[in-house]
Amino acid sequence: MLLSMRAEVETGLSEALERLGYPTDDLGIERPPDDVDAVLASSVAFRLAEVAGEAPPVVAAELADAFDTSDREYVRTVRTQGPYLNFLPAERYAEATLAAATEDGYGHLDPRDQSVVVEHTSANPTGPVHVGRARNPIIGDPIANLLDYAGYDVERHYYVNDAGRQIAMFTWAYERFDESDLPDPERDRPDYDLVRYYRKGSTFLEEGPEDAVAEAEAEIQAILQGLEEGEAESYDRVSTVVETVLGGMQQTLARLPASFDEFVRETRFMRDGSTEDVVARLRDTEHAVYEEEAWQLDLPDIDKNLVFLRSDDTSLYTTRDLAHHEWKFENFDRAVTVLGEDHELQARQLRSALDLLGHDTDQLETVHLSWVNLPEGGMSTREGTGIDLDDLLDEAIRRARAEVEDRLDGRMRDDELTEADIDRIARQVGIGAVRYDIVARQPTKTITFEWERALDFEAQSAPYIQYVHARASGILDEAEQLPDPTAVETATLDSEAERDLIREIARFPAVVEAAAEGLEPPAVATYAREFAETFNSFYRECPVLDAPGETRRARLALVAAAQTTVANALDILGIAAPESM
RNA sequence: GGGCACGUAGCUCAGACCGGACCAGAGCGUCGGACUUCUAAUCCGACGGUCGUGGGUUCAAAUCCCACCGUGCCCGCCA
């Protein structure tokens with residue numbers, strides 16, 4: 001609803017400015033501070049002061065007079081407070097907000113008829129997903145959700161690196177070593193099973209006898225060549241390892257949950273000839289140079305040359321990724337990629353090379369994530385350092401369960417939680433807490449992973465927000481009959497707590513719009529927390545079920561609207577909204 | 001050495017892209033209060049900050065520009 005109100009303010013203010021002969025290019029519309037009784041404000045008067053030859057407050061008063069509120073649906077009055085213009089909402093604003101927010105899809109913007117592919121996670125299928133990698137789906141999934149809410153047709157892709165050296169080495173190791181040479185797997189799962197070969201192979205190459213290592217290198221090289229030449233046998237050997245490990249990784253990711261519409265395999269772009277085709281076209285560009293027996297691109301504004309064809313005529317990761325992105329451009333209007341910060345240079349080279357090939361690279365956006373480190377250092381699948389995401393989730397659920405059981409005695413609500421409820425709550429709260437801890441922070445900031453903080457259920461955390469949903473659900477549950485939200489007297493909702501809550505509900509679609517625009521899930525996380533605070537004040541001050549007549553009806557409608565809003569905000573973040581906890 | 005990012009209360013962060021009611025807001029921690037009232041995973045209060053440092057632009061700077069300091073990442077015919 002805030003979006004509609006803003007549109008009215010924009011046209012109204014433009015008209016007023018025009019009438020007075022002022023420029024209309026900068027309306028200075030902003031959100032007023034919480035203690036101001038307005039929904040929107042403008043600071044134009046500051047900038048107009050010089051043109052007008054008057055002090056800002058004088059200009060503001062002049063504008064307030066010129067603003068025509070007679071035909072406005074949502075703007076009731078314009079008031080000045082010093083140099084600021086404050087726009088106060090009409091009762092219709094509250095009515096429309098309640099009506100809109102009780103619809104299940106509240107927060108979804110109008111469809112745009114534009115497709116976007118969100119690629120995220122894309123971790124190499126070398127072993128179990130660790131906590132460092134988990135930042136990618138935990139931010140990538142909400143980015144996809146956000147674009148979906150913003151009206152795009154979204155597809156979620158996981159790009160599977162099945163053609164690289166790592167995978168060739170893994171394949172060799174898997175075939176070369178025997179199970180009896182390996183330690184027991186940490187879990188009875190295919191990715192935990194196979195990663196042992198990967199680690200064993202990696203250690204062997206570093207520490208093994210010289211001639212055996214040379215022999216292994218030759219075998220790895222042969223696998224890579226086989227892939228390059230399109231030999232079916234090489235593809236089969238590699239895919240045994242890749243598909244098995246990937247299957248295991250998907251089980252972990254599904255717990256978050258993060259799911260994908262398509263797993264796009266890198267080898268696809270070797271087999272269909274598109275990588276070769278890219279190479280041919282790159283060679284014809286004026287930036288192509290042949291140096292040290294390899295084809296390279298001397299890209300504008302990038303110091304480092306990009307090698308796109310090795311001296312042995314094989315392609316590189318980035319070459320194949322170029323073919324991959326040309327395919328994305330053919331099939332989607334926009335492409336968003338969520339990558340680790342170590343790919344920053346590679347992403348710039350990719351963009352620049354795509355530009356060279358004649359693509360509109362404005363369609364391509366990249367979100368870079370900084371590392372999640374342990375207090376003692378980084379995480380690595382190959383070295384086996386780091387914490388498996390499964391372990392983190394298990395521990396989170398275990399602690400959440402202990403918490404639920406602790407609270408059982410002091411529980412005021414007289415419902416009986418079944419064993420199944422306790423399981424459900426532990427899972428929702430435990431996993432929610434892990435996700436919120438990561439999604440709420442700016443991706444550019446390095447995270448040092450600490451158990452205590454990641455699993456703090458009382459901080460600014462998921463359970464705090466989930467609790468609001470449970471409280472709202474509890475009230476609605478007991479109310480039995482819900483009022484028609486379009487037929488309640490919103491005027492009875494006149495306390496500060498009620499007005500604040502309406503205001504927060506109304507702002508949700510605008511939050512979605514801005515967060516989608518900037519690809520910023522943390523903005524939704526912050527909103528959800530602020531929303532929860534506002535709801536909790538309302539909850540404390542305004543009894544719903546025991547309120548008299550029309551007040552009860554109106555408050556019930558308000559609680560229903562709040563429940564939908566918080567449920568959908570959590571939905572964007574990929575965090576469960578518990579009915580009870 | 002070069003490129004990119006980050007630096008805000010003791011700790012973890014929001015605010016920065018788009019300067020304005022911010023002489024800066026949360027949470028944790030510490031201290032003190034509130035459960036006969038729709039779930040206390042809640043709420044209320046107190047203590048706590050030269051917004052890394054220095055300069056500049058502006059009527060106005062946490063926010064924009066420059067320099068410096070500190071930290072992370074990258075600078076492979078790896079991915």
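Labels below follow one simple rule: chain letters A, B, ... track the order of the sequence lines, proteins then strands, and each chain is numbered from 1. Just so it is clear, the values below take in all heavy atoms, side chains as well, and ignore hydrogens, waters and symmetry mates.
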Does any nucleotide pair with B:C75 by Watson-Crick or G-U wobble geometry, both distances under 3.5 Å, and what is it? B:G1

Where the side chain of A:R471 is concerned, which of B:G7, B:C73, B:U42 is the nearest nucleotide? B:U42

Does this structure show an ion pair linking A:E530 with A:R507, if we count only N-O contacts that are shorter than 4.0 Å? yes

P atoms of B:A62 and B:U50, separation to the nearest Å: 14 Å

Under 4.0 angstrom, heavy atoms only, what part of the nucleic acid is A:G164 near: base, sugar-phosphate, or nothing? sugar-phosphate

Does A:E276 pair with A:R320 as a salt bridge, N-O distance under 4.0 Å? no

Do NZ/NE/NH1/NH2 and the carboxylate oxygens of A:D500 and A:R503 come within less than 4.0 Å? no

Searching all strands shown, indicate the nucleotide that pairs with B:A46 (Watson-Crick or G-U wobble; both distances under 3.5 Å). B:U30

Is A:R382 salt-bridged to A:E206, going by a charged N under 4.0 Å from an acidic O? yes

For atom P, what is the distance between B:A16 and B:C23, given to the nearest Å? 16 Å

Taking CD from A:E403 and P from B:U42, how many angstroms apart are they, rounded to a whole number? 10 Å

Reckon A:W371 touches a base, only the sugar-phosphate, or nothing at all at heavy-atom distances under 4.0 Å? sugar-phosphate

For nucleotides B:U71 and B:G76, find the distance between their P atoms and express it as a whole number of Å. 23 Å

Salt-bridge criterion met for A:D437 and A:R453 (N-O under 4.0 Å): no

Check every strand shown and say whether A:R552 touches a base, only sugar-phosphate, or nothing at a heavy-atom separation below 4.0 Å. nothing

From C-beta outward on A:E30, which listed nucleotide comes closest to its side chain: B:A21, B:C4, B:A14? B:A21

Between B:U57 and B:G19, how far apart are the C1' atoms? Round to whole Å, please. 11 Å

For A:D37, does the CG atom have more than 12 heavy-atom neighbours from other residues, nucleotides or ligands under 6.0 Å away? no

I'd like to know if A:Q460 reaches the base of B:A26 with its side chain, counting only an N/O donor and acceptor under 3.5 Å. yes

Residue A:V404, side-chain atoms from C-beta onward, closest of B:C43, B:A41, B:U42: B:A41

Rounding to an integer number of angstrom, what distance separates B:G27 and B:C43 when you compare their C1' atoms? 15 Å

From the set B:A21, B:C28, B:C75, return the single nucleotide nearest to any side-chain atom of A:K304. B:C75

Applying a 4.0 Å non-hydrogen cut-off, can you work out what A:R407 is touching in the nucleic acid: base, sugar-phosphate, or nothing? base

Does B:C35 count as syn, meaning its glycosidic angle lies within 90° of 0, or as anti? syn

What is the nucleic acid contact for A:T318, judged by heavy atoms within less than 4.0 Å: base, sugar-phosphate only, or nothing? nothing

Return the nearest nucleotide to the side chain of A:I425; candidates are B:C75, B:C73, B:A41. B:A41

Of the options B:G72, B:A21, B:A14, whose atoms approach the side-chain atoms of A:V36 most closely? B:A21

